[in-house]
> 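I'd like to ask some things about the structure below.
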Amino acid sequence: MIDAVTTNPAPLPNRSPANSSYQSRVADYWNAEENPVNLELGRIDDLYHHHYGVGDADWSVLDDDPDPKRRRARITAELHRLEQAQADLLARHLGPLSPADRVFDAGCGRGGGSVVAHLRYGCAADGVTISRKQADFAGEQARKRDIDDRVRYHHRDMLDTGLPSGEFAASWNNESTMYVELDLLFAEHARLLRRGGRYVTITGCYNDTYGRASREVSLINAHYICDIHSRSEYFRAMARNRLVPVHVQDLTAAALPYWELRKQADHLVTGIEDTFITAYENGSFQYLLIAADRV
């Protein structure tokens, strides 16, 4: 068996991601982002996620409370529980993994997903983000947990990571595929994964059985400066890049409670909540988990 201590070598030097106009806009967006819906939720347990949530909500958090601060804290905690449920769901599909394994978190944001995988499996993790601010923040969180020898973050382009080929047992994107071309992304995952390695994504995609992207999908694109892909393109691009789906799960219904609860959280709303709810309910937008093996 490979010695677990040797599976996470010395950290790579950060390097500026490829500097296209679009990438610069995305990096600028996330370098400037200080959204309470990301920061307030993460402060609860220092697990900072940049994705939404799944599962049934505890609607009692909306009950009247004589202390408005306590009610606000209960709503925030419930939204964080739902986003943590999503991170746990993705992590469960990465395994089985061991402390000897190394995993890759593409578009890691402030780093919560890498920490979740490490705590679950003991594996080493490398997270990559186009935002220097996010990489620095995530690295500091790993140091605070005293896991920075096993969980490392890099300011790099997830399409061209500079990480070693074939050394990763698992890799994933959690709501970050809409910022890149899928063929380029899946080619990099296929390069990094060892044969039989597992790739997992949780993502929103437009339902192309309805035709082109709906008005709601266009509004989401504009809000997040992204380009949501069609459902069918995920499977075509995976097939072109040696990734064979082994599990597909429609999470659309499970995603709705998060958005319906967030709509009621005056301190966390961003104005996009109704658009997500409408898109999910009219069927033009779907939320999927796809797990695929590298062949």
> Using the rule given for side-chain contact (heavy atoms from CB on, under 4.5 Å), can you reason through Q134 versus H50, listing the C-alpha separation, both sets of side-chain angles and the distance that settles it, and then say yes or no?
CA-CA 11 Å; Q134 287 183 341; H50 279 274; 3.8 Å; yes
> Side chains of Y287 and Q86 only: does a donor on one sit below 3.5 Å from an acceptor on the other?
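Yes - a donor-acceptor pair under 3.5 Å links their side chains.
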> Can you tell me how far CD1 of I130 sits from CZ of R25, rounded to the nearest 0.5 angstrom?
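Taking CZ in R25 and CD1 in I130, the distance rounds to 12.0 Å.
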> When T161 is tested against each of E188, H189, H154 for side-chain contact (heavy atoms from CB on, under 4.5 Å), which residue passes?
E188
> Please evaluate residues E216 and F276 with respect to the criterion side-chain contact (heavy atoms from CB on, under 4.5 Å), reporting the C-alpha separation (whole Å), side-chain torsions for both, the decisive distance (0.1 Å), and the verdict.
CA-CA 7 Å; E216 289 78 21; F276 271 89; over 6 Å; no
> Roughly how far, to the nearest 0.5 Å, is the CG atom of D88 from the NE2 atom of H93?
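One gets 12.0 Å once the value is rounded to the nearest 0.5 Å.
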> So how far is it from L219 CG to Y224 OH, rounded to the nearest 0.5 Å?
12.0 Å
> Do L41 and L90 land in one hydrophobic cluster if side-chain heavy atoms of ILVMFWY residues count as linked below 4.5 Å?
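Same cluster.
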> Is it the case that more than 12 heavy atoms not belonging to D56 sit under 6.0 Å from its CG atom?
no
> What distance separates M178 CE from L185 CG, expressed to the nearest 0.5 Å?
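It comes to 11.0 Å.
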> Within a 6.0 Å radius of atom CD on Q264, are there more than 12 heavy atoms belonging to other residues, nucleotides or ligands?
yes
> Please check this pair: side chain of N221 against backbone of I228, looking for a donor-acceptor N/O pair closer than 3.5 Å.
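Looks like yes, one N/O pair under 3.5 Å.
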> Evaluate the criterion side-chain contact (heavy atoms from CB on, under 4.5 Å) for residue pair D250 and R231; output intermediate values, then yes/no.
CA-CA 11 Å; D250 187 345; R231 180 180 63 182; over 6 Å; no
> Among pairs that include at least one residue of residues 200-219, which meet ring pair (Phe, Tyr, Trp, His ring centres under 6.0 Å), considering only residues two or more places apart or in two chains?
none
> With the threshold set at 4.0 Å, does a side-chain nitrogen-carboxylate oxygen contact exist between E140 and R143?
yes
> Apply side-chain contact (heavy atoms from CB on, under 4.5 Å) to the pair Q141 and L47, showing each step before the final yes or no.
CA-CA 8 Å; Q141 293 302 306; L47 282 173; over 6 Å; no
> Indicate whether any N or O donor in one side chain lies under 3.5 Å from an N or O acceptor in the other, for R150 and H118.
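Looking only at side-chain atoms, H118 and R150 do not form any donor-acceptor pair under 3.5 Å.
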> Between T275 and H223, is any pair of side-chain heavy atoms under 4.5 Å apart?
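No. Closest side-chain heavy atoms not under 4.5 Å.
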> Do R72 and E40 meet the salt-bridge criterion of a basic N to acidic O distance under 4.0 Å?
yes
> If you draw a 6.0 Å radius around NZ in K263, do more than 12 non-hydrogen atoms from other residues or ligands fall strictly inside?
no
> In sequence, state the C-alpha distance, the side-chain angles, and the governing distance for Y199 and F186, and then conclude on ring pair (Phe, Tyr, Trp, His ring centres under 6.0 Å).
CA-CA 9 Å; Y199 170 72; F186 294 157; 5.5 Å; yes
> Taking ring pair (Phe, Tyr, Trp, His ring centres under 6.0 Å) as the test, write out the residues that go with Y234, two or more places apart.
H229
> State, yes or no, whether a side-chain contact exists between R195 and R242 at a heavy-atom distance under 4.5 Å.
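Yes, side chains in contact.
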> Within the 4.5 Å heavy-atom criterion, are W172 and L94 side-chain neighbours or not?
yes
> CG of N173 to CG of L182: how many Å apart, nearest 0.5 Å?
9.0 Å
> When hydrophobic residues are tied together by side-chain contacts of less than 4.5 Å, even through go-betweens, does I220 share a cluster with I225?
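Yes; tracing contacts between hydrophobic side chains, which count when under 4.5 Å, links both residues.
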> If hydrophobic clusters are built from ILVMFWY residues whose side chains come within less than 4.5 Å, do F104 and L184 share one?
yes
> Between Y153 and F137 (judged by ring centroids, cut-off 6.0 Å), do the two rings come close enough to count as a pair?
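Centroid distance Y153-F137: not below 6.0 Å, so no.
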> With a 4.0 Å cut-off, would you call E233 and R240 a salt bridge?
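So E233 pairs with R240 through a salt bridge.
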> May I ask you to test the E175-T203 pair for a side-chain heavy-atom distance under 4.5 Å?
no
> List the atom of R102, the atom of P164, and the distance in Å for their closest heavy-atom pair.
NH1-CG, 3.5 Å
> Is the shortest side-chain N to carboxylate O distance from D126 to R152 below 4.0 Å?
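Salt bridge absent between D126 and R152.
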> Does R110 pair with D136 as a salt bridge, N-O distance under 4.0 Å?
no
> Taking only Lys NZ, Arg NE, NH1 and NH2, and the carboxylate oxygens of Asp or Glu, determine whether R145 and D46 approach each other closer than 4.0 Å.
no
> Check this for me: does any side-chain nitrogen of one of R198 and D293 sit under 4.0 Å from a carboxylate oxygen of the other?
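Yes, R198 and D293 are salt-bridged.
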> Do the side-chain N and O atoms of R212 and S230 include a donor-acceptor pair separated by under 3.5 angstrom?
no
> Please determine whether side chain to side chain donor-acceptor pair (under 3.5 Å) holds for the pair S284 and N207, giving the CA-CA distance in whole Å, both sets of side-chain angles, and the decisive distance to 0.1 Å.
CA-CA 5 Å; S284 66; N207 185 353; over 6 Å; no
> What about Y52 and W259, are their ring centers closer than 6.0 Å?
yes
> Measuring only between side-chain heavy atoms, which start at C-beta, is S171 closer than 4.5 Å to L193?
yes
> Say whether E78 and H80, considering side chains only, have a donor N or O and an acceptor N or O under 3.5 Å apart.
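Judged by distance alone, the side chains do not pair up.
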> Between I44 and V116, is there shared hydrophobic-cluster membership here, with clusters defined by ILVMFWY side-chain heavy atoms closer than 4.5 Å?
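Not linked; separate clusters.
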> Can you confirm whether I272 sits close enough to R262 that some side-chain heavy atom of one is under 4.5 Å from a side-chain heavy atom of the other?
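A side-chain contact exists here, since the closest heavy-atom pair is under 4.5 Å.
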> Hey, are the side chains of L97 and V103 touching, using non-hydrogen atoms and a 4.5 Å cut-off?
yes
> Any chain of hydrophobic side-chain contacts (each under 4.5 Å) joining L268 to W59?
yes
> More than 12 foreign heavy atoms under 6.0 Å from CG of D146: is that the case here?
no
> As an exercise, state the distance from CG of L82 to NE2 of H51, rounded to the nearest 0.5 Å.
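So the gap between those two atoms works out to 11.0 Å.
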> Could you tell me whether the side chain of I202 reaches within less than 4.5 Å of the side chain of L288, counting heavy atoms only?
no
